[in-house]
There are 2 protein chains.
Amino acid sequence: MTVDFEKMPKQPGRLKIQKRADLVTEEIKQLITQKNLLPGAKLPMERELQRLFSVSKSTIREALKSLEVQGLITVSTGPTGGATIIEVPLARTFQLLQNYLFFKEVSMEDIYAARRLLEPELAAGSVPFLSDEQLDALEHNIETCQPTSQEPSLLVRQRQADLDFHDILAAANPNPFLRFACELINEMLRRLVVFSTQTPPEEHTKFGCANVKIHAEIAKAARARDSERVRTLMKAHMEEASEYVKRLDGRLDGRLILDSEMAPRLRPLS
Amino acid sequence: MTVDFEKMPKQPGRLKIQKRADLVTEEIKQLITQKNLLPGAKLPMERELQRLFSVSKSTIREALKSLEVQGLITVSTGPTGGATIIEVPLARTFQLLQNYLFFKEVSMEDIYAARRLLEPELAAGSVPFLSDEQLDALEHNIETCQPTSQEPSLLVRQRQADLDFHDILAAANPNPFLRFACELINEMLRRLVVFSTQTPPEEHTKFGCANVKIHAEIAKAARARDSERVRTLMKAHMEEASEYVKRLDGRLDGRLILDSEMAPRLRPLS
DNA sequence: TCATTCTATTTATCATGATAAACCGGATTT
DNA sequence: AAATCCGGTTTATCATGATAAATAGAATGA
C-alpha cells in the first residue's frame, strides 16, 4: 500500500516527477476503482491516511483537496466525518469543462452547430422513456414560458424556463453520453449567453412565442409517443432558434465559472 | 482585495459555507477573468499571495493545488518559479470528464450514437481548412494503418492509428466545441475500449481493412475539397464501424483515468 | 415524545519552523 | 564556445502543535 517514492534525480525523458500529493491522489483513485467503492463509501480518516501512505498532514490534505476539486469526494467535519465518495456532480463537471472552453472563444454558432445535430436525436430517443410526470412537466413548462411581459428580468427567466424544457427531455434519455452532451449545451446557454441590449424587446418576445409554439407541438407529439415527429419538430426548432439567436446578437460570455455560481442550481428535475 | 470572511453561523438555506481555500481559489479566478490574464502570466509568489488574501501557508497551498488540479496553472520551483497560468490541457479536461462518466455506465452504443451524428459534420466542416500538411498526414496515416499482421499488440496500435485519422480531421475544424466533442470521443475510444479476447483475429483484420478502405476514400475526397462527399463517406464509415464494434463485442472499460496515464499523450498533431 | 443541551470526535485554519529539491543565472573551468 | 559548478531563490515536504468550528449521538428536561 505504501507508495514507492522512487525519484530519479535527473530524468531527461518525458514523464515529469509527480508530487507526493498527486501520487497519493492516484493511489486513492486506484483504490476506488479496484475495490469498486460506490458513492457513499467513506475513506479512512486523515490520520489513518497519513499512516497508510506515510505522508504528512499537509500532503494528505492536498491529496484530499485534489479529489474534492475533482468532485469525487466531499469532506465533512465531526464524528463519522471525513472523506465520502460521491458521484461527480454534473455542475462540477460543467465548471471544469468551462475552464477548458474559457481559452477557446466558442461562438454561439459553434454551440448551435452541435446542438442542431444532437437535440433532435436526443428528443426522439427520450420519447419512449418519458414518464407521465415528465410529460406533465413538459406541458406545465410551456405554461410558465408564456410570454406576458417584456420586462428584461422576465425575459431572462423565460429563456431559463425554455432551457428547462430541453433538460426535461434530456433527463428521460437512456444514453448517458448524449444526455451529458445536451445538458452541457443547455448549461452553457443558460449561464453564458448574453444578448445585445440594443435589440428591441419585441424581438425577444417573438422568439419566446415561437419557442412556446414549437414546444407545445413537441410536447403533444411526445404525449402521442411519436418519436419521429418529435425528431422532425426538434430539428425545425433548432434551425429556428439558431436563426433567432443570430438575429438577436446572442454571444457567449467567456469567463470562468465560479463554485459560488453553482450553488443555486437545483431544478426540480433530477 | 482581501476576502470578506463573513461566515454566518447557522445558514439553514442552500448555500453552504465555503472553505477559505475555495474562496481564495475563486478570488484568483476572478482575477484571471477580470485582468484578462493570458497563459504564460504568473501569479505572485506564495508569500505574497498569503499577504494578499490574509491566509496561512496551508490555505494558499490548497488554493493553488485546486487551480493546479483544474488545469489552470502549473507550479514550478526555483527563481522565477511559482504559479503560471496555462491553457487547460485537453488531456486534463478529458480526465476530469471521465471522472463524471465513471459513474454512468456508458456503453459503446451510447458513444457511437453521438459519434454518428457529430463526425460527419466535423469532417465536412474541416475540409476547407485542411492544410497540405494535414492532407499529407491523412494519407500517410492510411499507410501506417495497413493491416499486415494479426498480432494482438499490432491490432491495438492499428486501432490507435485509426483514431489518429479522425484526430487529424478534428484538428482542422474551426469549431472549438465540435472539435472538443469529437476529440473527447476519440480519446474515450482510444483509452477505454476493450474487445472480447474470444473474437477471432480475422474479424479484427477485416475491421481494419474496411477502415483503411473508407479512410482512403475520405482522404481522397478531402484532397478534392469535396465537403459533401466527405460527409457522406464519413456517415457510411460511422455506420459501418458501429456495426463492427458491435460484432467484435467492444466494451468500455469503466475506470478512473490516472494522471500517470496522461503523460505519454503527445501525438505529432497539436 | 420531542426539543434542547452537552460532549466527544473530527476537520478547518492558522502558526512556525526545518530540510530537501529544483532551478535560474552568473562565474569558472575545459 | 561549451560544459561545469555554485549561490541564492522558491517551492515541496515534513513536523508539531494550537484554536475554532461543525457534527453525531448521548444525556437531559419539558
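The sequence lines fix the lettering, A, B, ..., with proteins before strands; numbering per chain opens at 1.
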request  = Check every atom of dC14(D), dT11(D), dT11(C) against the side chain of Glu46(B) and return the nucleotide holding the closest atom.
outcome  = dT11(D)
query = Among the nucleotides dA24(D), dC14(D), dG8(D), which one has an atom lying closest to any side-chain atom of Pro79(B)?
reply = dG8(D)
Is a side-chain donor-acceptor pair under 3.5 Å present for [Y] with [X]?
X	Y	answer
Ser66(A)	Gln70(A)	yes
Asp164(A)	Asn141(A)	no
Ser107(B)	Asp110(B)	yes

Residues Leu23(B), Phe53(B); criterion side-chain contact (heavy atoms from CB on, under 4.5 Å); working and verdict = CA-CA 10 Å; Leu23(B) 290 172; Phe53(B) 300 110; over 6 Å; no
inquiry  = Mind checking if Thr80(B) touches a base, just sugar-phosphate, or nothing, with heavy atoms under 4.0 Å?
reply    = sugar-phosphate
inquiry  = Taking the nucleotide of DNA chain D with the nearest heavy atom to each, does Ala83(B) or Gly78(A) sit closer to the 5' end?
reply    = Ala83(B)
task = Could you pick out which residue, Ser76(A) or Ser58(A), lies toward the 5' side of DNA chain D when each is mapped onto its nearest nucleotide?
result = Ser58(A)
query = Do any side-chain nitrogens or oxygens of Arg61(A) fall under 4.0 Å of OP1 or OP2 in dT13(C)?
reply = no
query = Phosphate oxygens OP1/OP2 of dT10(C): is one of them under 4.0 Å from a side-chain N or O of Arg47(A)?
reply = yes
query = What's the CD-C1' distance between Glu62(B) and dT13(D), to the nearest Å?
reply = 15 Å
ask   = Could you give the NZ-to-P distance, from Lys42(A) to dT9(C), as a whole number of Å?
value = 17 Å
note = Taking for Ser56(B) and for Thr77(B) the nucleotide of DNA chain C with the nearest heavy atom, the one nearer the 5' end belongs to Ser56(B)
message = With nearest nucleotide decided by heavy atoms, which residue, Gly81(A) or Lys57(A), maps closer to the 5′ end of DNA chain C?
response = Gly81(A)
